[in-house]
There are 2 protein chains.
Amino acid sequence: MDQFQSTQPIYLQIMEMIKKEIVSEKLLPQQQLPTVRDLALQYQVNPNTVQRALSELERLSLVKSDRTIGRFVSDDLDLIQSLRQQMIMEKVETFVDDIEQLKVTQEESINYINQAFRERKTK
Amino acid sequence: MDQFQSTQPIYLQIMEMIKKEIVSEKLLPQQQLPTVRDLALQYQVNPNTVQRALSELERLSLVKSDRTIGRFVSDDLDLIQSLRQQMIMEKVETFVDDIEQLKVTQEESINYINQAFRERKTK
DNA sequence: ATTATTGTATTAAGTGTCTAATACAATAAT
DNA sequence: ATTATTGTATTAGACACTTAATACAATAAT
């Protein structure tokens with residue numbers, strides 16, 4: 001489970017992974033997260049690195065920690081929903097930026113996207 | 001012109017920028033690049049950082065340097081073409097990965113993409 | 001021949017990330 | 001009451017990236 005790319009800080013990559021799990025409801029509102037130590041084992045990184053990712057998520061109010069009980073996903077549905085929308089738009093804008101710089105037209109882009117989705121459904 | 005994001009090494013970001021300029025023919029085959037020192041001024045970074053980006057590009061055979069003359073874009077059209085295709089596919093796959101993790105459907109994705117293109121054309 | 005310009009190399013210092021080891025604080029579980 | 005488990009904090013060291021300052025090598029321009 002060495003899933004990290006070397007060019008981006010690991011704590012940011014962990015943040016992003018957990019954010020995705022929250023907005024896609026793999027982690028539900030109020031659900032308890034694994035402990036810092038367990039996540040560190042799971043991700044094969046130092047507990048401090050997980051701690052850093054989690055405190056950033058706490059800064060965004062996406063998780064709350066009760067000392068000695070554990071950490072829980074926020075129950076603020078509006079916050080989660082608006083974060084999801086924001087993440088979607090950011091991915092879309094970045095993609096269209098990139099693809100335009102590569103001189104790919106709108107029609108070609110759509111074809112590529114459809115093709116990629118098609119390939120995923122077959123496997 | 002402080003266009004760099006802090007979480008990715010600058011030399012990689014410069015590499016990516018120049019690669020995009022080559023595959024999109026803003027830099028033509030055999031065209032001379034600015035000097036290391038000029039690029040450093042232009043990007044507002046240390047010459048060593050530019051040097052690192054350029055020697056990576058040289059490792060990929062995308063540029064060649066003639067000592068004391070300067071650096072030139074490769075004239076290998078096949079290489080450039082296949083790099084472009086590879087970059088496109090990588091952006092597409094990454095986008096579809098991300099968007100699926102955000103629980104966005106194929107149809108919704110297409111709508112978002114079309115919308116983003118539409119907005120660009122009006123401004 | 002001399003000078004200027006090119007790419008290249010080296011050394012030192014500063015910063016951020018990550019790990020390791022350890023400890024503390026609060027409280028649920030026993 | 002005691003113990004175990006939770007989040008949190010601290011200190012030290014290793015490593016990669018970046019900057020700064022400087023120098024060298026090769027050759028085009030003069």
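Since the structure is predicted, the reported quantities are computational estimates derived from the model, not experimental observations.
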Problem - Pair assignment for D:dT27, Watson-Crick or G-U wobble, requiring both distances under 3.5 Å - result: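 The answer is C:dA4, by the H-bond criterion.
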
Problem - Pair partner, D:dT22 [Watson-Crick or wobble, under 3.5 Å] - result: C:dA9

Does [X] make a side-chain N or O approach to OP1 or OP2 of [N] shorter than 4.0 Å?
X       : N      : result
B:Thr49 : D:dT19 : yes
B:Ser55 : C:dT8  : no
B:Tyr11 : D:dT18 : no
A:Arg52 : C:dT17 : yes

I'd like to know if [X] and [Y] make a salt bridge, using a cut-off of under 4.0 Å between side-chain N and carboxylate O.
X        : Y       : answer
A:Asp98  : B:Lys20 : yes
B:Glu58  : B:Arg71 : yes
B:Glu90  : B:Arg84 : no
A:Arg120 : B:Glu93 : yes

Among [options], the one nearest [X] by side-chain distance:
X       : options                : answer
A:Thr68 : C:dT8, C:dA28, D:dA9   : C:dA28
B:Asn48 : D:dT8, D:dA21, C:dG7   : D:dA21
B:Ile10 : C:dT19, D:dT18, C:dT10 : D:dT18

Specify the separation, in whole Å, of atom [atom1] of [X] and atom [atom2] of [N].
X       : N      : atom1 : atom2 : result
A:Met15 : C:dT17 : CE    : P     : 13 Å
B:Gln51 : C:dT6  : CD    : P     : 13 Å
A:Leu54 : D:dT8  : CG    : P     : 8 Å
A:Arg37 : C:dA20 : CZ    : P     : 15 Å
B:Arg67 : C:dA4  : CZ    : P     : 19 Å
B:Arg71 : C:dT5  : CZ    : C1'   : 14 Å
A:Asp66 : D:dT5  : CG    : P     : 19 Å
B:Gln8  : D:dT18 : CD    : P     : 10 Å

Exercise for the section: Starting from the 5' end of DNA chain C, give me the residue, A:Ile69 or A:Gln13, whose nearest nucleotide shows up first. Expected result: A:Gln13

Problem - ILVMFWY network linking B:Leu12 to B:Val45, side-chain heavy atoms under 4.5 angstrom - result: yes

